[in-house]
Amino acid sequence: MAGSFNWSSMALCLVWAATFALCLVSSLAKLHRIDHPVNSDSLRVLVVGDWGRKGHYNQTEVAVQMGKVADVLDPAFIISTGDNFYGSGLTGTDDPQFEESFSNIYTAKSLQKQWYNVLGNHDYRGNVEAQLSPVLTKIDSRWLCMRSFIVNTEIAEIFFVDTTPFADKYFTHPGDETYDWSGITPTRKGYLSNLLKDLDSALKESTAKWKIVVGHHTLRSAGQHRDTVELVRDLLPILKADDVDLYINGHDHLVQHISSRDSKLQYFTSGGGSKAWRGDYDLNKEGLKFFYDGQGFMTVEITETDAVLIFYDVFGKVLYKWSVSKAYTSI
């Protein structure tokens with residue numbers, strides 16, 4: 001079942017396709033920017049990660065609850081924090097798993113919105129170009145996936161970052177897995193250097209009241225994967241220096257909130273889209289505000305002065321609510 005047609009989705013698809021060649025693999029290109037203004041005084045978004053299992057492991061049940069919450073929230077769009085298709089991404093643009101794990105699962109009318117997707121490590125085990133291809137957008141108009149890009153909503157700017165190439169273990173100890181590094185190697189060092197440079201520049205130039213960064217991998221986590229040391233070393237200093245408000249990720253199959261030790265930056269994990277309950281966690285993690293080792297998703301609602309983030313479980317129950325306010329100075 002494909003997503004319902006709407007003119008805003010068509011316009012985004014046309015813009016996306018026109019710049020496709022520039023955004024796919026070039027590590028030298030500036031971050032592609034998408035304008036997605038909201039027609040209200042607040043930005044409302046759903047966030048889910050680590051989901052694509054053909055409806056199994058309660059993926060369908062989570063999707064049903066997402067639809068119910070979205071029916072009330074009316075989100076502007078939906079964010080996926082990666083690992084979109086298990087266990088090894090897509091084999092190509094004709095892989096039936098795209099519809100089996102996406103189009104046929106998120107069928108609620110309220111979820112027929114634009115989806116902005118980043119790649120996870122499992123996505124890199126398949127054909128990366130397939131997920132980045134506009135062919136998938138023709139199959140389901142909701143779908144848009146790039147390596148790294150910016151969504152500008154006027155109220156907030158959201159910076160999507162390709163985190164998988166940062167992790168050394170996928171290159172040095174891949175085990176039996178094969179990763180698709182086309183566009184990353186043999187210039188991985190240059191790819192990462194340019195990505196960090198472009199992100200730093202875009203964050204510094206941003207005049208948005210709220211700056212949010214989305215990636216697949218954890219920066220701070222009490223879950224199985226703990227902190228991603230390469231991101232702590234290379235990415236985190238940029239986020240702190242450039243006054244980022246939120247870092248949102250998946251990778252750990254759970255939902256959690258960790259408060260920063262030395263900045264306003266808050267860490268939120270929304271990776272409970274399907275298989276969860278791994279039982280490997282550290283509840284003594286410094287700054288841990290909330291932790292649920294199970295399935296669920298998150299909503300984000302932001303105005304010029306306030307932000308409210310809520311975690312829901314697989315039954316649609318509110319697990320945790322966090323809010324913050326900031327002074328507003330008109331320009």
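Treat the numbers as computed from the prediction; the structure is a model and nothing was measured. As a basis for the values below, the full set of heavy atoms in this structure was taken, side chains included, without hydrogen atoms, waters or symmetry mates.
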Can you find a side-chain donor-acceptor pair between S80 and W51 that sits under 3.5 Å?
-> yes
Is the side chain of D242 donor-acceptor paired with the backbone N or O of V244 at a distance under 3.5 Å, no angle test?
-> no
Does a donor on one side chain sit under 3.5 Å from an acceptor on the other, for Q131 and N117?
-> no
In terms of the angle between their ring planes, are H257 and F268 parallel, tilted or perpendicular, with boundaries placed at 30° and 60°?
-> parallel
Do D83 and K275 sit within salt-bridge range, that is, some charged N less than 4.0 Å from a carboxylate O?
-> no
Determine the minimum heavy-atom distance between E177 and S88, stating which atoms define it.
-> OE1-OG, 4.3 Å
Let me know which of K211, K264, K326, K204 forms a salt bridge (Lys or Arg N to Asp or Glu O under 4.0 Å) with D243.
-> K264
Under 4.5 Å between any side-chain heavy atoms of L203 and L239, yes or no?
-> yes
Relative to the ring of H251, is the ring of H225 parallel (under 30°), tilted (30 to 60°) or perpendicular (over 60°)?
-> parallel
Given the rule that I, L, V, M, F, W and Y join up when any side-chain heavy atoms are under 4.5 Å apart, are Y57 and F102 in one cluster?
-> no
Above 12 or not: heavy atoms from other molecules or residues under 6.0 Å from NZ of K240?
-> yes
Which heavy atom of V38 sits nearest a heavy atom of A76, and at what distance?
-> CG1-CB, 3.7 Å
With the side chain counted from C-beta on, respond yes when Y312 and Q65 share a heavy-atom pair under 4.5 Å apart, and no when they do not.
-> no
Non-hydrogen atoms of Y247 and H216 that approach each other most closely | OH-N, 4.5 Å
Partner of I310 by side-chain contact (heavy atoms from CB on, under 4.5 Å), out of V300, V318, L73, V69 | V318
Short side-chain donor-acceptor distance under 3.5 Å, S221 and Q256 = yes
Considering all heavy atoms, the nearest R147-I184 contact = NH1-CD1, 3.7 Å
Minimum side-chain heavy-atom gap T299-P75 below 4.5 Å = no
Indicate yes or no: at least one non-hydrogen side-chain atom of Q97 is less than 4.5 angstrom from one of L90.
-> yes
Using a strict 4.0 Å threshold on nitrogen-to-oxygen distance, state whether R125 and D176 make a salt bridge.
-> no
Between W181 and Y170, what is the ring plane arrangement, given parallel below 30°, perpendicular above 60°, and tilted in between?
-> tilted
Name all residues meeting the side-chain contact (heavy atoms from CB on, under 4.5 Å) criterion together with D74; count only those two or more places apart in sequence or in a different chain, and write none if there are none.
-> R44, K113
Parallel, tilted or perpendicular: which describes the rings of Y86 and H253, with under 30° parallel and over 60° perpendicular?
-> perpendicular
Any side-chain heavy atom of I150 sitting closer than 4.5 Å to one from I158?
-> no
Counting N and O atoms only, with roles assigned by atom type, does the side chain of T153 sit under 3.5 Å from a partner on the main chain of H36, one being a donor and the other an acceptor?
-> no
F166/H217 aromatic ring centres below 6.0 Å = no
Is it the case that one hydrophobic cluster holds both F171 and Y124, taking links as side-chain heavy atoms less than 4.5 Å apart, direct or via other members?
-> yes
Heavy-atom closest pair (S101 atom, G52 atom, distance to 0.1 Å) is OG-C, 3.6 Å
Main-chain N/O of S325 paired with T305 side-chain donor or acceptor, under 3.5 Å | no
Quick check: does any side chain N or O of T163 sit under 3.5 Å from a backbone N or O of G215, one acting as donor and the other as acceptor?
-> no
Tell me yes or no: between the side chains of N249 and T81, is some donor less than 3.5 Å from an acceptor?
-> no
Kindly give the heavy-atom pair with the smallest separation between I139 and T93, and that separation in Å.
-> CD1-O, 3.7 Å
Would you say the side chains of D252 and T269 form a donor-acceptor pair under 3.5 Å?
-> no
Going by heavy atoms in the side chains, are L46 and L111 under 4.5 Å from each other?
-> yes
State whether a side-chain donor-acceptor pair under 3.5 Å links S42 with T303.
-> no
Please step through side chain to side chain contact (heavy atoms under 4.5 Å, CB included) for the pair L265 and V213, ending with a clear verdict.
-> CA-CA 10 Å; L265 182 61; V213 173; over 6 Å; no
is_close_aromatic(F149, F160), centroid dist under 6.0 Å | yes
Let me have the donor-acceptor pairs involving side chains of residues 286-294, under 3.5 Å, with sequence neighbours excluded, atom names and distances please.
| from | atom 1 | to | atom 2 | distance (Å) |
| --- | --- | --- | --- | --- |
| D293 | OD2 | R278 | N | 3.4 |
| D293 | OD2 | G279 | N | 2.8 |

Indicate yes or no for a side-chain donor-acceptor contact from T228 to the backbone of T218 under 3.5 Å, with no hydrogens or angles considered.
-> yes
Y267 with L283, same ILVMFWY side-chain cluster at under 4.5 Å | yes
